[in-house]
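Notes follow once the structure below has been shown.
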Amino acid sequence: MPAWLIFDGADASAEAVLGLSAYVRAGGNGPAREVLRRLAEGIERMSAGSARVWPFGATLPYAKSRAIWHAWGSQMPAALAHASRALNDRSLLDTAVADTAGFTPHLLIGGGPDQAWLPTPADRSQIAYGADSRVQNLLAVAEAAHAPGLRKLAGNAASWYFGNNDSGAATYDPATGRTFDGVEAGGKVNRNSGAESTIHGLLTMLALDAAPDVAASARVAGLRDRQNPRLLEAEDARLRGDAEVVRPESAWTGESQWSGGRYVSLGPGASLSLDVPGDAGAWLAMPVVHRTEGRTGGRSAWTAAGRSLGTVRHSGAGAQGVSAVPGVLEMATLPGRIAAQRDGSVLRATGSGKERVRVDAVLVQPMIERMVLAGGGHGRALLRSFDTERRVVPVAVPGRGTATVVTYDGSGRQVARSHAVGEQVAALVVPGGFTVIER
């Protein structure tokens, strides 16, 4: 991890990079250019994961934890986009694209600008600064990378203000310019309107005023369908053998958080079993486990419907270093897939080796996730692929007229465009990419 970020934060450093980029492009040179380059390089190094592996191309905010992403100050992609132009450095832009074209559609389909993933989506509250940062990131990277697909995503991100959130209600009031202080997990709106939320709301509205196409998309905000990841808590599982639910004194580990405030400790040969729903075709399983510092230790073997999905190693996290705690809570992606079963499947983890292992939760991820919105006689859909092959999937998209289907790869590059008549639309999705349908 870079040791020279401001307060060890890519988030705080991004604010400085935004200002320094404007200064350098206006003619500032010397120390300002050098500081800009060093901070931008530090932010670039915080990119992690891949299309199928946590954090899915996101730029992490904090150099002392590789297990947390949060929405506060998360304008790292926009900062890198501006820095790439000021410094004429394309590699910075590539990192920004990985976040906006890979992680961001996954975040939006998953439920919107969540406050924090730790690494599970444990804090589902949503605040205006999270929504605004997604819009600003997408617009800045779209312009710098000449990627119109990211502008399409910006419309989805801005729809949060107009009702595409857990409450189903608008969080921005155009009559007064106020933005509410957020939406709590479960859908309750905090109707206070502090300066921070109002400022971020107005910044988004200024961006929408300058981008009428994005503003029109943002008003299509009524949620009609969502197929997104499901979080299964280990403590809710059926336990067998030497297995127990443990509630630590605090859910906060010092750098991340036990989902639900508990975890399951499995002895060798012990197992936990969880029910996986059967309403979304095939799934990927992404267990969240604790990995210890040592090179050797326990493992967990994962199966579904009697078929192996893979094995997770619970050791090898590396030396503690600057981390607040030894070891790490980590989300793994199992190589096997849970096959479609009409009545669902049973996911089982069995401890192996000589040491106990700790399992926090499992995120079961649809191979093709989707979100469908409607409003004002129009319909929009966003799909994101976790598959390794190209797929054509049916999607019901409401609205009038012909639907336009545009498919983008994991770098936001357009790979296909088609049109469809009728509510049922056949949509092409490619590995790691996203597809936008508009009617």
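- Side-chain contact between D123 and S125 is present, with at least one heavy-atom pair separated by less than 4.5 Å.
- A donor-acceptor distance shorter than 3.5 angstrom exists from the side chain of R226 to the backbone of I109, with no hydrogens or angles considered.
- Within a 6.0 Å sphere centred on CZ of R307, other residues, nucleotides and ligands contribute 12 heavy atoms or fewer.
- Checked by atom type and distance alone, the side chain of D181 pairs as donor or acceptor with a backbone atom of G194 at under 3.5 Å.
- At least one side-chain heavy atom of V346 sits under 4.5 Å from a side-chain heavy atom of D275.
- To the nearest 0.5 Å, the span separating OG1 on T402 from CD on E438 amounts to 13.0 Å.
- Expressed to the nearest 0.5 Å, how far CG of L309 lies from OG1 of T303 amounts to 6.5 Å.
- Between the side chain of W283 and the backbone N or O of P277 there is at least one donor-acceptor pair closer than 3.5 Å.
- A pairwise comparison of heavy atoms in P119 and W54 identifies O-CZ3, 3.6 Å as the closest pair.
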(request) In sequence, state the C-alpha distance, the side-chain angles, and the governing distance for S91 and E44, and then conclude on side-chain contact (heavy atoms from CB on, under 4.5 Å). (result) CA-CA 9 Å; S91 67; E44 180 184 25; 3.4 Å; yes
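- Of all heavy-atom pairs between A71 and G130, the closest is CB-CA, 3.8 Å.
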(message) I'd like to know whether W258 forms a side-chain contact (heavy atoms from CB on, under 4.5 Å) with V246, so could you lay out the CA-CA distance, the side-chain angles of the two residues, the decisive distance to 0.1 Å, and finally the verdict.
(response) CA-CA 10 Å; W258 295 105; V246 178; over 6 Å; no
Counting only pairs under 3.5 Å, give me each side-chain donor-acceptor contact of residues 418-425, with atom names and distances, residues two or more places apart or in other chains.
unit_1	atom_1	unit_2	atom_2	d
H419	ND1	T404	OG1	3.3

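- Heavy atoms from other residues, nucleotides or ligands lying under 6.0 Å from CZ of R439 number more than 12.
- Within the 4.5 Å cutoff, no side-chain heavy atoms of T350 are placed close to those of L266.
- In terms of heavy-atom proximity, F103 sits nearest to G57 at CB-C, 4.3 Å.
- The two atoms that bring A339 and S345 nearest to each other are O-OG, 3.8 Å, heavy atoms only.
- The minimum heavy-atom distance linking A96 with P77 is given by the pair CB-O, 3.4 Å.
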(request) Please test S273 against R240 for side chain to side chain donor-acceptor pair (under 3.5 Å), starting from the C-alpha separation and ending with a verdict. (result) CA-CA 8 Å; S273 298; R240 183 176 180 181; over 6 Å; no
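- One distance of note links CG of L138 with NZ of K152; it measures 13.5 Å at 0.5 Å rounding.
- Between the side chain of S385 and the backbone N or O of V429, no donor-acceptor pair lies under 3.5 Å.
- Side-chain polar atoms of S315 and R313 form a donor-acceptor pair below 3.5 angstrom.
- Taking CG from L347 and CG from L272, the interatomic distance works out to 7.5 Å, rounded to the nearest 0.5 Å.
- Across all non-hydrogen atoms, the minimal contact from A317 to R66 is O-NH2, 3.2 Å.
- Without hydrogens or angle criteria, W4 side chain to R38 main chain gives a donor-acceptor distance under 3.5 Å.
- Residue pairs meeting the side chain to side chain donor-acceptor pair (under 3.5 Å) criterion with at least one partner in residues 316-328, sequence neighbours excluded, are E255-S323.
- Looking at I437 and L383, their side chains come closer than 4.5 Å, going by heavy atoms from C-beta outward.
- Within 6.0 Å of CZ in R390 there are 12 or fewer heavy atoms belonging to other residues, nucleotides or ligands.
- At most 12 non-hydrogen atoms from other residues, nucleotides or ligands lie less than 6.0 angstrom from CZ of R299.
- For the atom pair OG of S133 and CD1 of I127, the computed distance is 11.0 Å after rounding to the nearest 0.5 Å.
- Annotation: ring-ring contact (aromatic ring centres under 6.0 Å, His included) contacts involving residues 372-417, sequence neighbours excluded, comprise F56-F386, H106-F386, Y408-F434.
- Within the model, atoms CD1 of I338 and CG of L284 stand 8.0 Å from one another, a figure rounded to the nearest 0.5 Å.
- Looking only at side-chain heavy atoms (C-beta outward), R151 and L139 come within less than 4.5 Å of each other.
- In this structure, the side chains of R337 and T388 come closer than 4.5 Å at one or more pairs of heavy atoms.
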For residues 8-15, run the donor-acceptor check on the side chains, cut-off 3.5 Å, and write out each pair with its distance to 0.1 Å, sequence neighbours left out.
unit_1	atom_1	unit_2	atom_2	d
D11	OD2	H70	NE2	3.2
S13	OG	I6	N	2.9
S13	OG	G9	O	2.7

(request) Please report the C-alpha distance between V289 and R291 in whole Å, then the side-chain angles of each, then the deciding distance to 0.1 Å, and finally whether the side-chain contact (heavy atoms from CB on, under 4.5 Å) criterion is met. (result) CA-CA 6 Å; V289 305; R291 294 184 66 197; 4.2 Å; yes
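- For H200 and T179, the side-chain atoms include no donor-acceptor pair closer than 3.5 Å.
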(request) Let me see the working for Q75 and N137 under side-chain contact (heavy atoms from CB on, under 4.5 Å), right down to the final yes or no. (result) CA-CA 6 Å; Q75 291 204 48; N137 287 332; 3.8 Å; yes
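- Looking at Y263 and L329, their side chains never come closer than 4.5 Å, going by heavy atoms from C-beta outward.
- Sorted by first and then second residue, the side chain to side chain donor-acceptor pair (under 3.5 Å) pairs involving residues 357-367 (not counting sequence neighbours) are H290-R358, Q365-E369.
- Note on residues 156-166: pairs passing side chain to side chain donor-acceptor pair (under 3.5 Å), not counting sequence neighbours, are Q126-W160, N156-R380, S159-N164, Y161-T204, N165-S167.
- Looking at R356 and E244, their side chains come closer than 4.5 Å, going by heavy atoms from C-beta outward.
- The 12-atom threshold is exceeded at CD of E293, counting heavy atoms of other residues, nucleotides or ligands nearer than 6.0 Å.
- With hydrogens and angles ignored, the 3.5 Å screen pairs no side-chain donor or acceptor of S259 with any backbone N or O of P121.
- Judged by distance alone, with hydrogens and angles left aside, the side-chain atoms of T407 form a donor-acceptor pair with the main-chain N or O of L428 at under 3.5 Å.
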